[in-house]
Structure formats: C-alpha cells, structure tokens
Amino acid sequence: MPPAVSVCLPSGAPLPLKIETLKNRADFLRAARAKRAGSPAFLLQARDRQDKVATVRLGFTCSKKVGNAVARNRAKRRLREVARLVLPQMAHPGFDYVLIGRATETAARDFALLQQDLSKALAKVHA
RNA sequence: GCGGAUGGCUGGAGGGUCGCUGCAUCACGGCCCUGUUUCGGCAGGCUGGGAUGUGGAGGAAAGUCCGGACUCCAUGAAACGACGGUGCCGGGUAACGCCCGGCGGGGGCAACCCCAGGGAAAGCGCCACAGAAAACAGACUGCCUUUGCCCGCGUGGCAGGGGUGAGGGUGAAACGGUGCGGUAAGAGCGCACCGCGGGGCUGGCAACAGACCCGGCAUGGCAAGCCCCACCGGGAGCAACGCCAAAUAGGGACCUCGCGUGGGCAACCACAGGGCUGUUUCGGCCCGAGACGGUCCGGGUUGGCGGCUAGAGAGCCUCGGGCAACCGGGGUUUGAGAUGAAUGAUCCUUGAAGGGUGGCGACACCCCGAACAGAAUCCGGCUUACAGGCCAUCCGCGCAU
C-alpha cells in the first residue's frame with residue numbers, strides 16, 4: 001500500500017477530488033449490493049464507504065455478454081470517457097461507483113445523451 | 001475479352017479538441033532514511049503531482065494444436081518394460097508433426113491440385129448389403145460327353161458315370177486382363193501385348209525408374225482395429241522463478257503400518273526393519289521411533305519490485321553459394337510493454353464496395369458508413385476468421401494480326 005493518503009490531505013483547500021480505480025473483486029461485490037440506477041446504455045452502482053476518506057473510486061464491468069474483447073474494450077473506453085467528463089462535478093466524496101456496460105447500446109448510444117444519462121443516474125443514486 | 005491456376009501486397013484517409021501509458025530531459029513539492037554542516041542548508045536515495053519531447057496493437061495480436069528459448073523441480077549405471085508421438089526419399093532448420101526439392105498413386109484438356117504414402121509370405125481380428133461363393137479351397141449352378149429308363153418323339157424329361165473350370169444378375173473387392181489359336185466343352189493349355197513375381201544389369205546419394213532375361217502366375221482387402229519395425233520424447237509452466245515489506249500460521253482429529261536386537265549411565269553407534277529412486281540387479285539417499293503414508297477439519301495464499309522486452313529480432317538494398325527451402329557477408333532503417341489490464345474518446349471533412357429511386361444510356365440524387373478482430377514472457381510454425389482493393393507469373397477458350 002502507498003503510505004497513508006489521508007496524511008497529506010489537510011493542507012489542501014478546494015482540492016479536486018482524487019479519483020482512483022477500483023481493483024478488488026470484494027469492492028465490486030460490495031458495490032453491487034448498494035444503490036443502483038439503470039439507464040439505456042449502462043447500469044450505475046454506487047456505495048458510500050463511510051470510512052472518512054474522501055477519495056472517490058471508480059470501476060467498470062463489461063461481461064462476455066457485451067461481446068468479444070474488442071467490443072468489451074470499446075464499451076469500457078466510452079464509459080471511462082463519459083465518467084471522466086461528468087464525475088468531477090457530480091461525484092460525492094467517499095463513494096465507490098461501478099459502471100456496467102450493456103450489449104450494443106453502450107457502444108452505439110449518442111455521446112451527448114450518454115453524458116446526460118450519467119448525470120441523471122448520479123442524481124438518482126445520491127437522492 | 002471471358003473463364004481459371006499459383007504466389008504476394010494492402011487491411012480506409014485528413015484535421016480540430018480532450019485524454020491514457022512507457023522512456024528521456026527539465027524545473028517544483030513532500031519529507032522519511034543516510035552522509036555532511038558554519039544548523040540556514042547541501043548531496044544521495046525514496047516519493048508526489050507537473051511541463052516539454054518522443055514511442056505506443058495484428059496479419060491473423062485469435063484457437064492454444066505442434067516445436068523451441070527461458071525458469072524451477074527431478075535426474076547413479078546397465079538391461080528390460082510401459083506410455084505418448086512421428087512414419088516414401090533427400091535436403092533446410094535451434095527444433096518441429098513445419099518448409100523446400102524429388103519419387104509413387106489419384107484428379108484435371110491444361111496451368112496445377114490432392115494423398116494418415118513403413119510392414120498384410122510374424123500373429124490375432126474384421127470384411128455389412130448383395131451374391132453360387134468373401135479367403136481357401138471347394139460345394140451349388142452351368143457347359144461338354146456318355147449309359148439306362150419314360151413319353152405326347154422335341155434343341156424333351158428323370159436318374160447315374162466321366163470331363164471341365166470362371167459362364168453365373170452381384171459387390172469396394174472374385175484362383176490376373178484383352179485378343180487370337182486350341183478343344184467334345186474348356187482351361188496360361190499355347191501365343192502376342194499389358195499386369196504380376198524373381199534375377200542380375202544400367203541410371204540415381206536415395207525413394208525409385210528403365211530396358212533385358214527367367215517363371216505361366218505363387219501374396220484378396222482393412223494396420224485413421226490390435227499389432228510389428230524404425231526413430232524421437234524426464235515433469236511443470238512467466239499465476240514459472242528470484243528479491244523486499246507486512247500479516248497470519250508453525251495446527252487438530254481419526255485410520256493404516258511401525259515402535260526389534262546388541263553395545264553404552266546417557267547422547268549416540270551398529271545391525272535388523274521401513275520408505276524413495278517406473279521394474280529388476282548392483283548402487284545411492286532418507287527415517288530409524290516415528291512415517292517424504294492416507295482421509296477429514298481449521299488457518300493462510302496480500303502488496304511492491306525484478307523477470308520484461310536487443311533477439312534463432314524485423315523491414316529494405318546489395319554481394320556470394322544453392323533448382324529451392326535456406327545459408328554466409330556488407331550497408332541502412334527500425335524497436336508497445338499494460339497488470340480491473342494503456343495504445344483512446346469525441347466532432348468535422350472526405351470516402352471503397354453495397355442498397356434504393358429516376359433515366360435507353362453517360363449519369364444524377366438519397367440511404368448506409370468500412371471485414372475478421374485487441375498484445376499479456378518471447379520466438380518458429382500450423383489451423384481457423386476475414387468487407388473490399390491491388391500486383392506479378394502461368395493455363396484454356398474466343399477475337400484480331
């Protein structure tokens with residue numbers, strides 16, 4: 001583990017939210033049991049970790065249902081991009097988010113609509 | 001021009017904005033450690049985000065089917081055996097089940113393509129259906145001839161003797177095929193050609209081919225059935241393996257086998273005994289009071305760094321050897337290393353083929369917007385998937401000259 005992220009935080013004033021990648025299977029499973037919000041092109045899962053650490057963590061899931069390796073990679077990249085654009089303004093500190101890709105819609109849906117979808121889903125999950 | 005055959009190349013293009021990741025350089029911050037100090041710092045290491053520059057998916061990255069490199073484990077010798085693989089000959093290669101060149105067989109007018117292509121006189125097994133008969137030789141039917149009897153006297157019927165071997169619808173396969181002679185009818189019985197077997201000869205490194213001589217002919221097929229022969233082969237894989245840090249654990253229950261002898265106060269030693277090394281023999285190692293036996297239960301299996309991308313490298317040009325695969329030399333250019341896994345997201349322009357509408361047509365307008373597919377230690381192959389486009393060589397047909 002990199003030494004204690006929380007130690008160097010106090011100095012920061014506004015400080016943009018740190019976004020890390022979710023890596024452990026256990027974290028994915030915990031997120032799956034928390035709140036969720038559907039959307040035509042993806043499914044959003046969100047969980048408040050309640051561990052006093054502000055870092056936002058983000059994960060992606062594209063199962064074999066999405067398609068072959070090329071289709072799965074493309075779906076993940078689009079989800080990653082839309083999250084990169086939307087999340088910094090919308091995310092709540094201390095949350096884990098997981099975006100799950102769908103078969104054809106994730107790759108096909110208009111990108112502007114995709115951003116709107118994510119905003120709506122985040123709002124629903126935070127409510 | 002039309003139809004083919006073979007080999008090879010390519011795998012949308014241009015731009016704007018915003019990102020990801022490796023490396024290099026540059027300053028900046030953090031402060032822990034080390035060194036030093038004139039106590040301000042400085043140097044090294046660690047670490048955090050940033051700027052600039054530069055590199056960043058494929059011909060199959062795929063299937064994971066072969067062959068290697070590399071790493072760890074195992075590895076005493078001989079003989080024997082088991083298992084798996086390969087299978088015409090020669091060459092290439094680090095190696096191969098791959099590639100090249102030949103040979104043999106089959107297909108095609110041809111270019112060319114296809115072949116799991118050792119052994120069936122070592123043995124066992126199998127040969128469906130059909131057929132008189134399916135494996136070793138005859139039976140059945142037939143053909144010829146002859147004797148007797150019968151009648152409605154005929155190219156008749158019945159019974160018997162003798163001769164004969166391929167005429168018998170079949171079938172994947174029938175004591176070799178075709179023709180002529182021969183005969184009562186026939187038959188390699190004789191002859192010619194083809195096939196087959198044997199022999200030496202010639203050519204070839206060889207597989208094999210050729211002509212010649214001899215033999216009237218002896219060995220049905222299946223070895224992607226067992227098998228025999230020759231050759232090859234230790235096992236597991238980068239989640240290999242090494243290092244650092246942290247944490248946890250250094251277990252428990254039951255069963256099986258064993259707990260022997262001698263010396264010594266004891267530690268221990270020696271010998272029995274047990275286990276491992278495919279088997280055996282010799283040898284070696286371990287245990288020796290427990291087991292490097294089995295079953296079940298419980299706990300753990302995290303993070304980082306190295307391995308990690310420079311090599312049997314690749315592309316192009318060129319010289320030499322070789323029919324070729326390929327080998328040797330020179331020059332030049334080039335070089336993904338991610339790890340919830342980067343190599344992109346989005347917008348604009350252009351846009352192949354395809355589809356639709358109109359038109360005799362050239363064409364115009366509209367729709368759709370590139371196939372298969374994403375490195376995971378690295379190479380050499382094979383196999384499979386693939387929208388289109390392009391090039392070279394060759395073959396057949398047609399037309400013109």
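Worth knowing before you read on, the calculation uses all heavy atoms, side chains too, and leaves out hydrogens, waters and symmetry mates. Just so it is clear, the model here is predicted, and its values are computed rather than measured. Each chain gets a letter, A, B and so on, in the order its sequence line appears, and its residues count up from 1.
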Visitor: Do any side-chain nitrogens or oxygens of A:Arg78 fall under 4.0 Å of OP1 or OP2 in B:rU346?
Guide: yes

Visitor: Output the rounded distance in Å from CZ (A:Arg74) to P (B:rC20).
Guide: 19 Å

Visitor: Any stacking of A:Phe28 on B:rG340, going by centres under 5.5 angstrom and planes within less than 30 degrees?
Guide: yes

Visitor: Hunt down the Watson-Crick or G-U wobble partner of B:rA289, both distances under 3.5 Å, from any strand shown, or write none.
Guide: none

Visitor: Looking at A:Leu87, A:Thr61, A:Leu44, which one forms a side chain to side chain contact (heavy atoms under 4.5 Å, CB included) with A:Leu99?
Guide: A:Leu44

Visitor: Name the pairing partner of B:rA270, where a pair is Watson-Crick or G-U wobble with both distances under 3.5 Å, or state none.
Guide: B:rU261

Visitor: Tell me the interatomic distance from A:Phe111, atom CZ, to B:rG19, atom P, rounded to whole angstroms.
Guide: 13 Å

Visitor: Could you identify the nucleotide paired to B:rC226, looking across every strand shown and requiring Watson-Crick or G-U wobble geometry with both distances under 3.5 Å?
Guide: B:rG123

Visitor: Given atom CD of A:Glu81 and atom C1' of B:rU17, what is their separation to the nearest angstrom?
Guide: 11 Å

Visitor: For A:Asp48, is there an ion pair with A:Lys35 - N to carboxylate O distance below 4.0 angstrom?
Guide: no

Visitor: Just compare B:rA373, B:rA341, B:rC347 and give me whichever is closest to any side-chain atom of A:Arg80.
Guide: B:rA341

Visitor: Within less than 4.0 Å of OP1 or OP2 of B:rU346, is there a side-chain N or O belonging to A:Arg77?
Guide: no

Visitor: What integer distance in Å separates A:Phe42:CZ from B:rA345:P?
Guide: 18 Å

Visitor: Using whole Å, what does the distance between atom C1' of nucleotide B:rA345 and atom CG of A:Leu85 come to?
Guide: 8 Å

Visitor: Using purine N1 to pyrimidine N3 plus N6-O4 or O6-N4 for Watson-Crick, or N1-O2 and O6-N3 for G-U wobble, both under 3.5 Å, which nucleotide pairs with B:rU52?
Guide: B:rA24

Visitor: Strictly by Watson-Crick or wobble contacts shorter than 3.5 Å, is anything paired with B:rA5, and which nucleotide is it?
Guide: B:rU393

Visitor: In sequence, state the C-alpha distance, the side-chain angles, and the governing distance for A:Glu81 and A:Arg78, and then conclude on salt bridge (Lys or Arg N to Asp or Glu O under 4.0 Å).
Guide: CA-CA 5 Å; A:Glu81 186 69 9; A:Arg78 294 196 91 210; over 6 Å; no

Visitor: Could you tell me how far apart A:Asn73 (CG) and B:rA376 (C1') are, to the nearest whole angstrom?
Guide: 13 Å

Visitor: I need the CG-C1' distance between A:Asn68 and B:rC372, as an integer number of Å.
Guide: 10 Å

Visitor: What is the distance from NZ of A:Lys76 to C1' of B:rG374, rounded to the nearest Å?
Guide: 11 Å

Visitor: Watson-Crick or G-U wobble partner for B:rC372, using a 3.5 Å limit on both distances?
Guide: B:rG58

